[in-house]
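One structure below.
Not measured: the values here are computed from a predicted model. The sequence lines fix the lettering, A, B, ..., with proteins before strands; numbering per chain opens at 1.
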Protein chains: 2
Amino acid sequence: MARKLLTKPRKTASQERSRATVDALFEATARILVKEGFDKASTNRIAEVAGVSVGSLYQYFPSKEALVAAVIKRHQHKIMHTVRGELAEVLAQPVEKAIRKLVAVAVKSHRVDPRLHRVLAEQIPRVGELEKLETFNRENYTLFRTYLESHRDELRVDDLELASFVCVTSIEALTHNAVLHYSKTFSDETMEALIDEAAYLVTGYLMGSRKNEAGSLSDQRHAGLHSPS
Amino acid sequence: MARKLLTKPRKTASQERSRATVDALFEATARILVKEGFDKASTNRIAEVAGVSVGSLYQYFPSKEALVAAVIKRHQHKIMHTVRGELAEVLAQPVEKAIRKLVAVAVKSHRVDPRLHRVLAEQIPRVGELEKLETFNRENYTLFRTYLESHRDELRVDDLELASFVCVTSIEALTHNAVLHYSKTFSDETMEALIDEAAYLVTGYLMGSRKNEAGSLSDQRHAGLHSPS
DNA sequence: ACAGAATATGAGCGATCATTCGCTTTTTAA
DNA sequence: TTAAAAAGCGAATGATCGCTCATATTCTGT
């Protein structure tokens with residue numbers, strides 16, 4: 001029987017020392033991605049910066065792609081960790097408070113290692129294995145949809161699927177752009193104001209009921225498409 | 001004098017034949033990007049698909065990066081071409097109509113070769129020269145800001161800079177996501193509805209004036225930050 | 001018809017990179 | 001103490017890729 005257990009298995013991490021190695025690899029990868037960009041993140045370079053040999057890298061990760069994917073997952077878990085719980089308490093709150101909290105949480109999540117977040121979003125080609133890692137936003141989506149369902153009666157929207165899409169997409173884009181592209185342009189107060197604005201945007205959309213606009217917007221929106229519940 | 005004119009100059013395109021070559025290169029690059037992804041788009045492969053030799057490629061483009069950048073620019077020009085004019089007529093229209101038109105135009109612009117658009121957005125690493133090509137969205141931004149300024153009195157927002165950011169970002173993200181990620185999930189009617197929803201979202205935000213919510217939302221938004229004009 | 005300019009060719013150079021494998025060192029457990 | 005398992009090493013391999021250049025073909029003006 002050809003034993004490949006020593007060459008192939010990759011992925012274990014039982015002893016103390018090996019866990020340190022894996023961690024050094026994570027750290028080094030993140031560091032290089034942030035400071036030198038995806039191009040410069042070759043496996044040899046990563047190993048070098050980690051103070052480890054390439055061979056060791058391949059003991060724990062079957063490919064470079066797997067390593068990067070693991071770094072992404074790790075970043076996502078960090079976000080979840082700093083944000084979990086804040087989401088739980090949202091579920092019970094009324095729409096206005098809930099939305100504002102949601103936006104604030106979104107900002108917070110983008111502030112967990114923003115520079116890494118930006119590289120992951122902009123420089124990592126979504127190819128092969130990396131393609132599947134969009135799972136993250138799906139979670140937000142279903143979570144939000146669940147919230148809308150349980151507060152249906154307070155809302156003016158009837159297509160919750162569509163509404164979730166509109167809200168989640170907007171909040172994500174606004175916070176993402178603000179934190180990762182405009183944090184130099186926006187002052188701290190502006191950032192605070194932006195949270196308010198985003199919350200206002202979404203809340204207004206969900207609860208709506210503008211004063212008296214019969215004949216203007218209402219007519220533009222082709223009636224009948226959303227049959228009343 | 002060392003003449004490098006035959007080796008270096010790159011970029012000319014005077015005769016008929018050469019224009020065809022350049023065009024074939026554009027076409028081939030786009031084709032490969034769409035059908036095989038950025039990874040597979042090597043210069044040799046591009047030249048092969050274009051029915052041209054690698055040498056010819058380097059007569060007109062100083063680098064692979066330059067070629068890709070040119071393809072991106074070309075795509076942007078195509079968009080501008082199919083959309084120009086529709087934007088001009090927006091300027092004169094009242095807010096509600098203008099916003100709806102703007103959203104519709106955004107959708108239209110994303111429907112110009114959506115598959116190429118998606119690859120350009122997701123697979124091309126924004127590094128080196130490619131980094132500068134974000135100019136496109138800046139244009140939309142200033143355009144929108146100009147519109148808001150000339151309709152200032154009809155709006156409830158006072159920080160037009162911030163408002164432009166909110167609106168442009170939201171519209172872009174919504175249309176981008178809808179067209180490039182959910183066109184299979186969304187039916188045609190849903191897509192139509194989405195335009196309405198996005199327009200409603202933004203219009204409500206800009207013109208606002210919800211009925212009577214004194215003490216709820218108004219209090220949450222920290223007063224005084226936007227000093228009344 | 002002809003010369004010079006423009007265009008096209010593609011084998012091959014040099015560099016980079018992901019990955020492997022035979023080997024050494026360290027740790028574990030009996 | 002010791003043998004086996006775990007972890008670590010890094011030079012070497014093979015493949016890919018961007019790009020060049022010496023040469024060949026085509027075009028243009030005269």
Side-chain angles (χ1 to χ4, degrees), chain A residues 2-25 28-29 32-33 36-71 124-125 127-130, chain B residues 2-25 28-29 32-33 36-71 124-125 127-130:
Chain A
R3 284 292 260 33
K4 299 205 169 183
L5 278 182
L6 273 172
T7 348
K8 277 288 186 182
R10 286 98 169 237
K11 262 190 183 177
T12 27
S14 60
Q15 294 183 4
E16 176 66 27
R17 189 167 47 133
S18 60
R19 253 171 278 127
T21 299
V22 170
D23 230 66
L25 285 168
T29 308
I32 295 178
L33 284 179
E36 310 181 39
F38 183 73
D39 290 0
K40 304 290 174 55
S42 71
T43 48
N44 284 289
R45 186 93 227 291
I46 289 172
E48 175 193 325
V49 170
V52 149
S53 86
V54 227
S56 294
L57 189 157
Y58 281 91
Q59 290 226 332
Y60 304 104
F61 302 96
S63 69
K64 179 188 172 181
E65 204 174 271
L67 171 56
V68 173
V71 167
I124 310 288
V127 183
E129 277 302 308
L130 283 321
Chain B
R3 282 292 260 30
K4 299 203 171 185
L5 279 182
L6 274 170
T7 348
K8 276 290 185 183
R10 286 101 167 234
K11 264 189 181 178
T12 27
S14 61
Q15 294 184 5
E16 175 67 28
R17 189 167 46 133
S18 59
R19 252 171 278 130
T21 299
V22 170
D23 229 66
L25 285 169
T29 308
I32 296 178
L33 285 179
E36 310 180 39
F38 183 73
D39 290 359
K40 303 289 173 56
S42 71
T43 50
N44 284 291
R45 180 109 182 80
I46 290 173
E48 177 194 323
V49 170
V52 149
S53 84
V54 226
S56 293
L57 190 158
Y58 282 92
Q59 289 226 334
Y60 304 104
F61 302 97
S63 69
K64 180 189 173 179
E65 204 173 270
L67 171 56
V68 173
V71 168
I124 310 288
V127 185
E129 277 302 308
L130 284 321

Walking DNA chain C from its 5' end, the first of Val52(B) and Arg17(A) to be reached, judged by nearest nucleotide, is Val52(B)

Reckon Ser53(B) has a side-chain N or O less than 4.0 Å from the OP1 or OP2 of dT9(C)?
yes

Any heavy-atom pair between the side chains of Phe61(B) and Val22(B) that's under 4.5 Å?
yes

Check: Glu65(B) main-chain N/O paired with Glu129(B) side-chain donor or acceptor under 3.5 Å
no

From the options dG8(D), dA8(C), dT20(C), select the nucleotide whose nearest atom is closest to the side chain of Val54(A).
dT20(C)

For dT7(C), take OP1 and OP2 only and decide whether either is under 4.0 Å from a side-chain N or O of Ser18(B).
yes

Smallest separation among heavy atoms of Lys64(A) and Phe38(A), with atom names:
NZ-CZ, 4.3 Å

Are any protein N/O atoms closer than 3.5 Å to N/O atoms in nucleotides 16-18 of chain C? If there are, list each pair with its distance.
{"from": "dA18(C)", "atom 1": "OP1", "to": "Lys64(A)", "atom 2": "NZ", "distance (Å)": "2.7"}
{"from": "dA18(C)", "atom 1": "OP2", "to": "Thr43(A)", "atom 2": "N", "distance (Å)": "2.7"}
{"from": "dA18(C)", "atom 1": "OP2", "to": "Thr43(A)", "atom 2": "OG1", "distance (Å)": "3.1"}
{"from": "dA18(C)", "atom 1": "N7", "to": "Asn44(A)", "atom 2": "ND2", "distance (Å)": "3.4"}

So, OP1 or OP2 of dC9(D): does either fall under 4.0 Å of a side-chain N or O from Ser56(A)?
yes

Does dA7(D) have OP1 or OP2 sitting under 4.0 Å from an N or O in the side chain of Thr21(A)?
no

Could you pull out all donor-acceptor pairs under 3.5 Å where a side-chain atom in residues 40-56 of chain B meets a protein atom, sequence neighbours excluded?
{"from": "Ser42(B)", "atom 1": "OG", "to": "Arg45(B)", "atom 2": "N", "distance (Å)": "3.2"}
{"from": "Arg45(B)", "atom 1": "NE", "to": "Glu36(B)", "atom 2": "OE1", "distance (Å)": "3.4"}
{"from": "Arg45(B)", "atom 1": "NH1", "to": "Glu48(B)", "atom 2": "OE2", "distance (Å)": "3.3"}
{"from": "Arg45(B)", "atom 1": "NH2", "to": "Glu36(B)", "atom 2": "OE2", "distance (Å)": "2.9"}
{"from": "Ser53(B)", "atom 1": "OG", "to": "Gly55(B)", "atom 2": "N", "distance (Å)": "3.4"}
{"from": "Ser53(B)", "atom 1": "OG", "to": "Ser56(B)", "atom 2": "N", "distance (Å)": "3.4"}

Using the C1' atoms of the five pairs at each end, what is the angle between the end axes of the helix from dA1(C)-dT30(D) to dA30(C)-dT1(D), to 10°?
10°

